[in-house]
Structure formats: C-alpha cells, structure tokens
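Note that these values count all heavy atoms, side chains included, but never hydrogens, waters or copies made by symmetry. Proteins come first, then strands; the chains are lettered A, B, ... in the order of their sequence lines, and each starts at number 1. All values reported here derive from a predicted model rather than from experimental measurement.
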2 protein chains.
Amino acid sequence: MHTSSQIFQEAGLKPTQSRLEVTGVLAQSEYPMTHQDILKELPESFDRVTLYRVLDWLLTNGVIHRIAGEDRTWRFHINNSDLTNKQTTRYNSTPTTSKSNKLNQHSHAHFQCENCGKMFCLNDVHPKLTNDIPPDFVVDSIEINIKGKCVNCAKPLEPLVNPDHR
Amino acid sequence: MHTSSQIFQEAGLKPTQSRLEVTGVLAQSEYPMTHQDILKELPESFDRVTLYRVLDWLLTNGVIHRIAGEDRTWRFHINNSDLTNKQTTRYNSTPTTSKSNKLNQHSHAHFQCENCGKMFCLNDVHPKLTNDIPPDFVVDSIEINIKGKCVNCAKPLEPLVNPDHR
DNA sequence: ATATAAACGCAACTACGTTGCGAAATATAT
DNA sequence: ATATATTTCGCAACGTAGTTGCGTTTATAT
C-alpha cells in the first residue's frame, strides 16, 4: 500500500498539501462527492476556490473522474486505476489543457437515487459500444447515467432520505 | 398533420399561447436546445421565467425531454412519440408532481460535440450494458451521453465552431 | 355575473462555478 | 546560498442557470 504522496511522486505529479488532503478525502469515500460534500470533510480554513482548482487538476491528471448529476452539480470520485504505470506527465512538463485525460477511459456506469440523491459507481457495468452510432461521429467517451431507487431506498420501509446528498 | 394546438387538445392538455409558441420552436429544431437557444427564437417580450415554467410543464406532460450537457445546462428536445393515444391527463386533473413521466421511456442516446458544443439525439442508439445492474437497485431510466466530435467538426478542414451552442 | 383556479410577469434571490490579481510558496538558475 | 522565475494559494468580485414570492391577468366553473 502506498500513500497518496508516494503515488503522486512516482507518477511525476507534484503533491501539494491541498492536493493530498483532497485526494485523501476522495479516496475514503465509496461514492462520488459533490464540491460541498468534500468541503465539509476538509479543515474549516480550506478555501473553496482552491478546492475547485485542485479538483480541476486532479481531473486533468486522471486521478479522479466526475459525473453530472440530475441536480446540475458535479460529483467527483477517485479512479481505481493505478497511476504509476500510466502517467507520463513530469513535474516540469506542461500539462494538457484538455480535461479529457487518457486514464479516464474506464467509463463505468453511474446510478443516482431519485429518493436520497446519492450517487453510486457501478464499476462492473460498462457501456457496450454499438456500431449504430452514425459514422462521421468520432466517439471519445460514453457516459451512462441510471436513475432509480438505490438499495436503501428501494426497501419498502423507512427509506433513507439524506438531505446532504440532495 | 396536426397543429400543436390540436395535438394538445386531443391529448387533454391545456394549450396556452406560451405553450404553443415554445412547442412550435422546439418542434422545428432537430437538435436539443438550451433555454437560451429557445428564448432567442421567441418574441423579445417573452418572459424567461415563463419559459422555465412552460418547459417544466412540457416535461411533466411528456411533450419534451431534457438532457444534461457537459456545461451543466439542460437541453430540451421534442418527443417524437405521438401524444394522442398515450396521454391521459385531463384539463382539471392534478398533474403528477414528479418530472419522470410515462412517455419518456424512449431513452435514446445523446451525443454532444466537444468542439462546437452542439447536441444530437441518436434516436436509433439504445443502451446496451455489459453487466447486470446490481439487484435491489430499481431502475427507472437509463441515460446515455456520448462525447466526441460531430459530423461537421470531425472533418479535418474548417471545423464548425458555433459559439451559440457552447 | 361572480367565485375559483391556473398561468403570467416582474423582481429578488440562491447555488455552482469562474476570473483577476496580489501574496505566498516552491522550483530553477547562477 | 541568493536571486529569479514559476506555480499555487487566498480573497473578492463576477457570471450564469435556475428558483421563489407575490401581485396581476386570464381562463374555467357555478
């Protein structure tokens, strides 16, 4: 087991205090978190703009991915892929400006509960590429968003309504 | 061929001036439009809040569907299904508060161009998943968002950059 | 014709995210 | 080690999409 710091170093990514803190928070959550969710887990003093920028940076470097929820806010989740053997960016290289990174090809499906608002990564559910997509359209990524009721809320009794994730 | 007004009447939906105007605009567009896009096609005097409310109403009554784009804004598109033989709501019935309506089961895929921002409905592309969604999760709808380059922008020369749809 | 309900128009407001810019921290060169 | 350049950080102000409250207008029911 490596620390976030070590993983960053080995991957050639500059680990700052902020980046490590945010990565730590995201690494511990099994479901995608909103900006707010994350901020709540960070020290009071953590600047919200810095968080936006760190998330941006983690995105472009393939450490995390984000999903658009039904409520028009992004949710962020750590990538389970190992960075070390794929990342080529160096400390002093200019990072790509594009937010689509090479690692983020792992496009699995996401599920958002219509009751409690929580989002889940369905790591095993992948889109099957159909050849129905019109030619001349170049596909970069396929996103699957499933809506319905999650394990907790599907139960007939005492649905879990969590206002934190609305 | 029916007019929007006739279709609404037959479906038991109250057609107001605003609703007909908005429906008219949406019916003429082959791609999903943002709130801004639509507003631009309406008379100057048309109130933006009214537009939001009309869109809401069209949604709950299954006349249109909406898709979340990469830019956190909704895009609206008319449903190709015929309303007349499916809609049961009456003038004086209380409409369902939920925005998931019965007609909107037609979940086809959507494609958003990363270059010009335009969104396309791929009516023939339907969700296909590699694996089964975990039991205990109740699925209401599956949304597929494909990102890449559209017909126009995939061409090597003179990519079509339309700032209106960014 | 009068009462009731739905739709509309306007202003103010909320939430998420972005931009600009100076200060602090970190890296690079001499 | 010191000076210079680059990156990151923190704060304030801004932008945009969408919402809420409320009074007015329009449509429907008796």
Student: What is the distance, to the nearest angstrom, from the CG atom on A/Leu55 to the P atom on C/dT18?
Tutor: 10 Å

Student: To the nearest angstrom, how far is A/Gln17 atom CD from D/dC9 atom P?
Tutor: 9 Å

Student: Which residues satisfy the ring-ring contact (aromatic ring centres under 6.0 Å, His included) test with B/Phe76, sequence neighbours excluded?
Tutor: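 Testing B/Phe76 for ring-ring contact (aromatic ring centres under 6.0 Å, His included), a comparison that skips the adjacent residues, returns none.
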
Student: Quick one: list whatever passes side-chain contact (heavy atoms from CB on, under 4.5 Å) with A/Pro135, sequence neighbours left out.
Tutor: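 A/Pro135: no side-chain contact (heavy atoms from CB on, under 4.5 Å) contacts found.
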
Student: Taking the side chain from A/Gln112 and the backbone from A/Ile146, do they hold a donor-acceptor pair closer than 3.5 Å?
Tutor: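 Such a contact is absent between A/Gln112 side chain and A/Ile146 backbone.
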
Student: For the side chain of A/Tyr52, starting at C-beta, report the closest nucleotide among D/dC11, C/dG17, D/dG18.
Tutor: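 Of D/dC11, C/dG17, D/dG18, C/dG17 is nearest to the side chain of A/Tyr52.
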
Student: Quick one: list whatever passes side-chain contact (heavy atoms from CB on, under 4.5 Å) with A/Val138, sequence neighbours left out.
Tutor: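 Checked A/Val138 against side-chain contact (heavy atoms from CB on, under 4.5 Å); matches are A/Asp140, B/Lys149, B/Ala154.
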
Student: Expressed in angstrom and rounded to an integer, what is the separation of B/Leu51 atom CG from D/dA17 atom P?
Tutor: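 Roughly 12 Å, once rounded to whole Å.
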
Student: Out of D/dG18, D/dC9, C/dC10, which nucleotide sits closest to the side chain of B/Asp47?
Tutor: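 Taking heavy atoms from C-beta onward, the closest nucleotide is C/dC10.
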
Student: To the nearest Å, give me how far apart CG (A/Asp71) and P (D/dG18) are.
Tutor: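 Taking CG of A/Asp71 and P of D/dG18, I get 13 Å after rounding.
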
Student: Just to verify, what does B/Asp47 make a side-chain contact (heavy atoms from CB on, under 4.5 Å) with, not counting sequence neighbours?
Tutor: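 Testing B/Asp47 for side-chain contact (heavy atoms from CB on, under 4.5 Å), a comparison that skips the adjacent residues, returns B/Val49, B/Thr50.
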
Student: In residues 21-28 of chain B, which residues come under 4.0 Å of DNA chain D by heavy atom?
Tutor: none

Student: How about B/His108 and B/His77: are their ring centroids closer than 6.0 Å?
Tutor: no

Student: Give the nucleotide from the list C/dA7, D/dG10, D/dT19 with an atom nearest to the side chain of A/Arg53.
Tutor: D/dG10

Student: Considering only side-chain heavy atoms of A/Trp74, which listed nucleotide, C/dG17, C/dC8, D/dT20, is closest?
Tutor: C/dG17

Student: Kindly write out the residues that satisfy side chain to side chain donor-acceptor pair (under 3.5 Å) with A/Lys147, not counting sequence neighbours, or none if the list is empty.
Tutor: A/Glu70, B/Glu143

Student: Any idea which of D/dA17, C/dG9, C/dA27 is nearest the A/Lys14 side chain?
Tutor: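 That would be C/dA27.
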
Student: Closest to the A/Thr50 side chain: D/dC9, D/dT20, D/dC11?
Tutor: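 Minimum distance to the A/Thr50 side chain belongs to D/dC9.
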
Student: Counting only side-chain heavy atoms from C-beta out, which of C/dG17, C/dA7, C/dA11 sits nearest to B/Arg72?
Tutor: C/dG17

Student: Output the rounded distance in Å from CG (A/Asp56) to C1' (D/dC9).
Tutor: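 These atoms are roughly 15 Å apart.
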
Student: Report the nucleotide, chosen from C/dC10, C/dT18, C/dC8, that has the shortest atom-to-atom distance to any side-chain atom of B/Val49.
Tutor: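 In terms of side-chain proximity for B/Val49, the closest of C/dC10, C/dT18, C/dC8 is C/dC10.
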
Student: Test of understanding: with side-chain contact (heavy atoms from CB on, under 4.5 Å), list the residues that count as partners of B/His35, not counting sequence neighbours.
Tutor: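 Applying side-chain contact (heavy atoms from CB on, under 4.5 Å) to B/His35 gives B/Leu39, B/Arg48, B/Leu51, B/Tyr52, B/Leu55.
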
Student: Rounding to a whole Å, what distance do you find between A/Arg19:CZ and D/dT7:P?
Tutor: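 Checked: the CZ to P distance equals 11 Å.
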
Student: Please identify each residue that fulfils side chain to side chain donor-acceptor pair (under 3.5 Å) with A/Thr73, with sequence neighbours left out.
Tutor: A/Asp71

Student: Enter the inter-axis angle for the ends of the helix from C/dA1-D/dT30 to C/dT30-D/dA1 (five pairs per end, rounded to 10°).
Tutor: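 One end's axis against the other's: 30°.
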
